[in-house]
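Here is the structure we will look at, set down as structure tokens.
The shown structure was predicted, so the numbers you read here are calculated from the model rather than taken from an experiment. Basis for what follows: all heavy atoms, side chains included, without hydrogens, waters or symmetry-related copies.
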Amino acid sequence: MPPVPPVPGRMLAPSFHDQVDRDATLTGQGQKVGALDRAPCAGQILYRELDRPALVRIPPALCMIGPVQPAHRSLQRGAYGSDQPAPLAARCGELLVVGHGVLLLDRRTRLNSTDHFVELPRSDPAFLTKFKEHLGPRFTYDDAGHPRVDLAGLAERAVAGRTLVLAQPGHGVFGHWLAEILPRLILARRLGLAEGRFLLPSPFPPALMPWLAAYGVTPERIAWFEAGKEIARLEDAAICSRLNRDVAYVPLANSVFREMRQHLVATPPTQPRRRIFLSRQAWQQRSRQLANHDEVAAHLARHGFEQVQPEALSPIEAAHLMSEASHVVAEDGSACLLMIYAAQSARLLVLQSNSRLNLLNHTVAQALNQRVGIVLGSTTQAPAGDGVSYRIDPADLEEGLAALLQSRAVSTPARSWWKDLVVRGGKEAVLSYRPERPTLPACYDRISWMPERAVRAPLTRPARGDEILALEFAGQCDVSPRQPFCALGPGEAMQALQASWPVGPCLAYRASDVSVLGMGLLLDGAGQLLLRNDSRNCGVSSATRRARQLRAWLGPLLRDAAEPLPDLGSLPVEPQVIDGTTLLLAQPGQRIFGQWLVELLPRLWTARRLGLAFDQVLLAAHLPPGMEEALAWIGLEARQVVRYQPQRHRPICRDLLVLDCLFDEHAFHPDAAAFYDQFTADAAQDARPDRPQRLYLSRRRWHRPGRRLANRDQLAPLLASAGFLEIHPETLPLREQIALAAGARMIVADEGSAAYLAAFAPAGAGLLLLAPEGTRNPRHGAIAQLRDLRYGWVMGERQDNPAGGEPNYRVAPDLLVEGLRLLRA
């Protein structure tokens with residue numbers, strides 16, 4: 001197709017903008033996915049989606065201290081988020097590039113911009129602002145603010161061969177390179193689109209050239225064009241869209257940032273320890289200056305922070321420095337985004353003016369699962385955009401450091417007996433404690449919880465005496481819950497959704513001569529309560545909740561719920577010594593199938609992933625149906641499963657391993673995804689090729705009364721007509737259950753443990769839950785978030801249960817039909 005002749009004197013005037021909306025060629029919606037491994041013809045576009053659209057929220061600030069303005073309070077609450085479009089890659093023949101990223105198929109029609117393949121209508125209030133950003137500053141504008149660009153008057157620079165377009169607004173700013181352009185380069189490499197040249201506008205800051213070269217963008221491979229005077233005509237253009245739009249990243253960004261980090265830091269330290277202060281004192285631009293810099297630097301030095309001028313470092317030096325950092329304080333600026341090279345557990349405290357709201361730091365932290373806090377300073381001159389200077393109050397800085405340096409939020413005052421942290425030879429860290437020995441009162445007020453923060457320590461040897469070895473195997477992160485696509489029916493349909501939920505850190509412990517009481521209370525050698533083994537090893541928020549949880553841990557040792565909590569010395573249990581190394585799996589809910597899928601099996605998998613050798617696992621008697629087979633499937637021999645009667649025995653483990661779970665009652669740690677991936681891949685090996693893609697996980701044959709779908713016979717034909725195969729999971733081996741879930745694209749499930757099988761479904765699958773009104777189970781939303789599923793609820797009216805126990809419920813057929821329609825949408 002020959003190029004369209006230019007229209008002499010055509011301006012990018014308002015009438016042209018109106019035409020743009022009608023003539024836009026590519027919107028990224030409703031188009032077929034094209035192969036990107038062949039060169040396109042002139043005027044042809046091939047593209048494909050790289051991820052799915054996602055609703056993403058950035059987590060709330062770790063802290064917000066200082067003179068806070070109303071605009072910042074939304075960030076403090078975690079209220080920012082947006083629907084992120086699917087990122088796309090494209091190839092286009094004979095593409096024209098103008099300014100800093102305006103793309104044209106010919107000299108009359110604007111295609112789109114390089115940040116996203118989504119047209120911005122002229123009616124949008126942000127249209128002109130965005131358009132000016134992509135044209136760049138080297139064009140003139142009329143009285144109404146519309147750009148005056150004589151396309152016929154611009155010279156043309158032809159670029160032969162495949163060319164990756166890296167031009168975009170902010171291409172000359174270091175932070176935009178780290179957060180936006182380098183991720184596009186990584187995506188292009190994954191797709192084999194970065195083998196030719198790279199298109200960039202000139203002039204270009206020389207200080208950025210070492211960063212380009214570090215990622216293979218060497219001078220001889222760059223195709224330059226002068227942004228305000230030339231149009232670049234690309235014979236074979238490759239484009240990758242940004243992974244963030246507005247204030248959030250799509251989930252794909254996490255792996256892209258990891259690849260960026262690994263490119264410069266192949267072997268990061270296992271335990272980052274350095275405290276870094278990223279200073280702008282030597283920065284040549286005098287905007288955004290910290291007026292009392294020396295006072296702040298001296299204060300930080302007293303807390304062990306070393307001051308660094310990042311612009312003086314090479315890319316390799318900067319990346320390795322950040323990989324060693326556990327805590328970072330930074331003046332507001334591009335250097336904050338060096339956190340891309342820091343560990344997931346690292347934390348950032350930004351010092352900035354209260355006249356500036358910068359969301360990019362929090363957006364990047366959202367993608368990296370890091371935490372960011374802010375200390376705001378009062379301005380010292382009239383606000384003038386980024387040119388304003390500010391002063392940080394030392395008291396505000398001290399409060400910000402207190403929030404930064406604690407490893408996680410503490411909900412109750414410390415009641416720990418932990419005293420000293422001992423590091424031997426720089427290789428081994430042991431948490432030691434000296435227990436007081438008072439008489440334990442019946443109210444259990446002297447429970448000694450495990451410490452709020454533990455360091456990485458080897459667990460390859462048994463603990464000695466009173467020491468407890470502790471290993472942090474998954475760092476703290478924030479998880480944004482998945483929003484349901486529907487919540488139909490009566491009553492309150494689901495748990496309250498928060499903007500984000502803090503998860504982790506997760507720890508493993510090793511101790512000697514520890515007794516197990518009931519369903520998971522642990523006692524030291526002196527008979528003092530040490531910790532509990534549950535879905536999380538953490539403190540509780542109130543005395544009322546503590547009593548409720550203690551009843552769950554004591555389990556069958558209590559005859560009824562009204563019985564007072566007993567004194568530990570009065571419990572009629574016999575000691576039962578267990579030699580060798582024992583992995584503790586006993587916990588409240590151990591007899592429930594869903595608890596195994598969500599908490600116990602992942603814990604067993606984690607122990608093996610960490611290389612922790614053990615001789616046996618300890619469980620309370622009575623496993624849920626099918627779990628004997630599951631333990632054999634994952635490689636545990638019958639002799640390795642030690643059971644005890646909680647109402648009769650008190651096992652004393654000579655060498656005990658205890659692990660946190662990767663689920664904390666509200667959200668999964670992202671590391672849990674690997675567990676479900678591995679089990680899915682294993683079970684799928686013997687899956688039938690004709691396995692159904694639409695499943696109905698029914699409780700029809702569940703033996704226990706309660707929570708039954710009363711009108712199931714009325715709804716089953718509706719599900720069958722929609723192509724759903726009804727299965728009864730409790731009648732199938734676990735391996736087959738997982739294989740069925742792994743092949744399903746749509747799942748309808750009665751609310752219950754079997755619904756957790758959705759954790760093995762492929763990403764993008766849909767889950768529709770049928771449940772009694774008022775159900776408040778956060779696990780389904782957590783599974784949907786972890787496994788990238790769409791999920792929704794159809795609630796039914798509660799009905800009396802003649803057999804006693806939980807009430808049954810009835811789902812209206814028209815609500816089910818509507819739910820199925822939304823599930824397929």
Side-chain angles (χ1 to χ4, degrees), residues 100-101 114-115 133-134 136-137 164-186 198-219 222 224 227 240 242-244 249 253 256-257 259-261 263-265 276-290 307-323 325 328-342 346 348 350-353 356 358-365 367-368 370 372 385-387:
H100 290 175
T114 51
D115 57 356
E133 288 179 3
H134 284 84
L164 177 65
V165 179
L166 294 183
Q168 75 162 53
H171 68 269
V173 179
F174 175 61
H176 287 281
W177 266 95
L178 286 181
E180 296 167 0
I181 303 177
L182 282 178
R184 291 170 48 206
L185 176 61
I186 297 297
F198 307 98
L199 183 72
L200 282 169
S202 63
F204 190 83
L208 284 179
M209 293 304 296
W211 282 90
L212 273 66
Y215 285 89
V217 184
T218 52
I222 299 176
W224 299 103
C240 286
R242 279 168 39 190
L243 294 176
N244 65 310
Y249 279 92
V256 171
F257 283 137
E259 189 170 337
M260 284 176 55
R261 193 162 52 234
H263 184 79
L264 297 185
V265 186
I276 305 297
F277 172 36
L278 298 177
S279 169
R280 283 171 57 93
Q281 189 176 33
W283 184 236
Q284 66 271 22
Q285 296 181 6
R286 305 312 297 171
S287 63
R288 224 182 304 152
Q289 288 293 304
L290 177 58
Q307 185 175 173
V308 174
Q309 312 294 337
E311 60 271 16
L313 302 176
S314 70
I316 293 290
E317 291 171 337
H320 278 267
L321 171 73
M322 296 304 294
S323 72
V328 179
V329 177
E331 297 180 54
D332 180 29
S334 289
C336 294
L337 300 175
L338 286 169
M339 291 296 292
I340 290 169
Y341 300 98
L348 170 67
V350 181
L351 312 180
Q352 68 181 61
S353 165
R356 171 177 159 87
N358 180 14
L359 295 177
L360 189 54
N361 297 326
H362 302 269
T363 301
V364 171
L368 296 171
Q370 294 174 347
V372 177
D386 287 346

Using the rule given for side chain to side chain contact (heavy atoms under 4.5 Å, CB included), can you reason through Y341 versus L321, listing the C-alpha separation, both sets of side-chain angles and the distance that settles it, and then say yes or no?
CA-CA 9 Å; Y341 300 98; L321 171 73; over 6 Å; no
Under 3.5 Å: donor-acceptor pair, side chain of R280, backbone of G333:
no
CZ of R242 to CD of Q168: how many Å apart, nearest 0.5 Å?
5.5 Å
Criterion side chain to side chain contact (heavy atoms under 4.5 Å, CB included) on V308 and L313, from CA distance to verdict:
CA-CA 9 Å; V308 174; L313 302 176; 3.8 Å; yes
Could you tell me whether the side chain of Q370 and the main chain of M339 form a donor-acceptor pair under 3.5 Å?
yes
Euclidean distance, L212 CG relative to L185 CG, rounded to 0.5 Å:
8.5 Å
Who pairs with E259 by salt bridge (Lys or Arg N to Asp or Glu O under 4.0 Å), at least two apart in sequence or on another chain?
R190
Measure the shortest side-chain to side-chain distance between F198 and V165 over non-hydrogen atoms and say whether it is less than 4.5 angstrom.
no
Once rounded to the nearest 0.5 Å, what's the spacing between atom CG of D332 and atom CG of L278?
12.0 Å
Could you pull out all residues at least two apart from F174 that satisfy ring pair (Phe, Tyr, Trp, His ring centres under 6.0 Å)?
W211
On a heavy-atom basis, the closest approach of W224 and S202 is CE3-CB, 4.1 Å
To check you understand the geometry: which heavy-atom pair defines the closest contact between L338 and P310, and what is its length?
CD1-CB, 4.0 Å
Closest contact, heavy atoms only, P183 versus L178
CD-O, 3.3 Å
Side chain proximity check, V329 to I276, heavy atoms < 4.5 angstrom:
no
How long is the span from the CG atom in L182 to the CE atom in M260, to the nearest 0.5 Å?
4.5 Å
Between I222 and M209, does a side chain to side chain contact (heavy atoms under 4.5 Å, CB included) hold up when you go through it step by step?
CA-CA 11 Å; I222 299 176; M209 293 304 296; 3.8 Å; yes
Side chain of E317, backbone of S314: donor and acceptor closer than 3.5 Å?
yes
Using the ring of each side chain (for Trp, its six-membered ring), is F204 parallel, tilted or perpendicular to H171, with breaks at 30° and 60°?
parallel
L200 and A167 have their tightest heavy-atom pair at CD2-N, 4.3 Å
Donor-acceptor pair, side chain of R184 and main chain of C240, under 3.5 angstrom:
yes
Rounding to 0.5 Å, atoms CG (L166) and CG (L164) come to a distance of 4.5 Å
Please name the residue in the list V350, L351, V328, N358 that meets the side chain to side chain contact (heavy atoms under 4.5 Å, CB included) test with C336.
V350
Give me the atom names and distance for the closest heavy-atom approach of A365 to V372.
CB-CG2, 3.4 Å
List for me each residue that meets side chain to side chain donor-acceptor pair (under 3.5 Å) alongside S279, sequence neighbours excluded, and say none if there are none.
H293, Q307, E331
How far does NE2 of H176 sit from CG of L360, to the nearest 0.5 angstrom?
6.5 Å
For the residue pair G175 and L337, what are the closest heavy atoms and their distance?
O-CD1, 3.3 Å
